[in-house]
Amino acid sequence: MLCWFQMPGSNPFQDPVRFQRRVRPCALVIFGANGDLTKRKLIPALYRLAYERRLPTGFAIVGTSRTPLTHDAYRDQMKEAVQRFSEDTPLDENIWRDFASGLFYEAGDLQDPACYAAIAARLDEIEATRQTGGNVLFYLSTQPSHYGPAIRGLAASGLHRGKGWRRIVVEKPFGVDLSSARALDAELHLAFAEEDVYRIDHYLGKETVQNILAFRFGNGLFEPLWNRRYIRNIQITAAESIGVEGRGRYYQEAGALRDMIQNHLLQIMATVAMEPPAVFEARSVRDERAKLLRSIRLFKPGEAATHAVAGQYGPAKSGGAKLLGFREDECVSPHANTDTYAAVPFFVDNWRRAGVPFYIRTGKRLAKRVTDVAIQYNDAPHSPFEAAGMEDAVLGARPNLLVLRVQPEEGISLRFLSKQPGSGMKLRPVSMDFKYGSSFGVRSPAAYETLLLDALGGDATLYTRQDMVEASWNAVTPILEDWGNRNFDFPNYDAGSWGPAESDAMLARRGDSWRTP
Ligand code: BG6
């Protein structure tokens, strides 16, 4: 029967399965149960889901790592983690007691078959007492060097198959380059089918990153202007004010390009630049993202040396306090050649985006913490107001700017010129602002809450896929290779600044400039 109130058929957000999904009873096994990620993100996110009663009845967690601990000692540690890292969720003793009754711990070495036997026995007991139906999600939250042993251990013990479904979440980094990413993928497929592998990139779970799709494809207003005819450049910034905070050893090997651009920022770029999917479900959305990542123009050998900028922070003073330089970190070599800042101009070779630079930058110990996407539209082709005197301010704060603020102060703002009240025709840039907090008045779920619930519910829409991972490695490999052959004159920016001067020069050569977020 024809219904007059149907949404138009072209709206990609009308997939009833994703939006009305209920998670079936299941258990979660976390490898790396004592690690930083588990304490800071996973357990607080799971507790929040319990607090909102969004976890299925009988839900259980089995944590595993080397340290010998009783179930109760592990529960106490996780309670402390929730108290410390759950920024906006109060610890309710009743909810915690219930949550903790489904929290178990099995100590073991991932190389030792006994570890998997202990997990299997615990899962059998959980299945019998908590009716989880044999459904299990494994989560690799260990050091990446332990991924292989854990996958092989699951396969050898038969834990990768069972009465219910078996899935696996793999934390980033997914490899350290293209060949290691392929090797990891091959290993995963020895045990798991592709539809059961969830490669996580937590940026895709952020509300504001998901909202880029809603903003673009839920409205008819913006998409017609989302192309090379109107856009001058797109700037994607992920600035952090913190340094490497105890992760110096990992970070020294990874660097900013690998740590942030290869994954999070290329995924944001894909979200900003991909074509509309037909429906909002895993395959269509991931196909479009992958297509976009594959159309990123690759740097030719040697090009990155002149076009992309690497930086490393040195010591500085801030309000009387001394900020240590990267090489002064206790886990970092005093000669480390690591990039703690990276700025890269990417181009997309397709009809809609050709010629539009995507300037991507990220860095540690920058002036402030902010992640945003700024779409700089072309100036008006001719201004009839020039004679009447454009305010100088206009030049410093360009109008025709659309900013999608990922974090903090999540929202969207549009800057345009307006007539200043009074006689004459003086123009000033003004902003129209949408703020998540005040507009919806509800808390936005943290990325890990969304993504954990999605994996438990079997929805991979917001997870990456192997072809996306490989396309991203392809895009950064020529830069990594060029940088690997160079000896940088580091440090080249002060802690607390906006990065190296070469980064400004790189944009200036193209007639552009970084905006200050
Ligand atoms: C991680 C990186 O993936 O993302 C970290 O390894 C970085 O170096 C972090 O600090 C940033 O995440 P968020 O959600 O705080 O922006």
Side-chain angles (χ1 to χ4, degrees), residues 32 35-42 44-45 48 84-88 139-145 147 169-176 181 198-212 236-269 271 310-313 326 329 331-332 336 338-342 360-373 404-410 436 444-452 462-464 468-469 472-473 476 495 499 517:
D36 227 37
L37 182 77
T38 305
K39 288 185 187 152
R40 282 175 188 269
K41 301 287 182 190
L42 303 184
R48 176 72 200 197
R84 189 151 163 227
F85 299 115
S86 281
E87 281 160 20
D88 52 4
Y139 199 118
L140 297 185
S141 168
T142 56
Q143 282 174 31
S145 58
Y147 290 178
V169 177
V170 187
E171 254 303 331
K172 86 167 248 282
F174 201 93
V176 294
Y198 288 69
R199 300 169 190 80
I200 199 164
D201 184 314
H202 78 278
Y203 268 55
L204 290 179
K206 290 185 189 271
E207 283 287 303
T208 39
V209 174
Q210 294 180 63
N211 191 43
I212 295 175
I236 302 178
T237 301
E240 294 185 273
S241 51
I242 54 169
V244 286
E245 317 293 304
R247 294 166 74 226
R249 206 165 313 226
Y250 149 78
Y251 198 86
Q252 174 169 298
E253 298 305 317
L257 186 65
R258 272 199 184 89
D259 184 51
M260 290 291 289
I261 295 187
Q262 184 274 336
N263 36 70
H264 306 325
L265 301 188
L266 285 181
Q267 289 297 339
I268 293 192
M269 173 173 161
T271 310
Q312 186 190 89
Y313 63 88
F326 178 66
D329 187 288
C331 304
V332 169
T338 312
D339 51 307
T340 62
Y341 176 98
I360 296 191
R361 64 175 162 171
T362 184
K364 298 273 184 203
R365 275 266 185 264
L366 294 181
K368 68 175 188 183
R369 173 177 180 255
V370 59
T371 301
D372 67 18
V373 179
L404 312 172
R405 290 192 305 271
V406 174
Q407 62 191 26
E409 293 170 29
E410 291 79 1
Y436 258 85
S444 289
Y448 277 96
E449 292 162 32
T450 304
L451 293 170
L452 278 164
L462 301 179
Y463 281 82
T464 64
M468 294 153 78
V469 171
S472 307
W473 277 122
V476 298

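Just follow the structure's listing: the first ligand is 1, and inside any ligand the first atom is 1.
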Whether over 12 other heavy atoms sit under 6.0 Å from Glu409 CD: no

For residues 250-261, the side-chain hydrogen bond (donor to acceptor under 3.5 Å, both in side chains) pairs (sequence neighbours left out) are Lys172-Asp259, Tyr250-Asp259

All side chain to side chain contact (heavy atoms under 4.5 Å, CB included) counterparts of Lys39, not counting sequence neighbours: Asn34, Gln77, Met78, Ala81, Phe85

Parallel, tilted or perpendicular: which one describes the rings of Tyr448 and His202, with boundaries at 30° and 60°? parallel

Glu410: partners by side chain to side chain contact (heavy atoms under 4.5 Å, CB included), with sequence neighbours left out: Thr208, Gln407, Tyr436

Sub-4.0 Å heavy-atom environment of ligand 1, residues by chain: Lys172, His202, Tyr203, Lys206, Glu240, Arg247, Asp259, Met260, His264, Lys364, Gln407

So how far is it from Thr271 OG1 to Leu204 CG, rounded to the nearest 0.5 Å? 5.5 Å

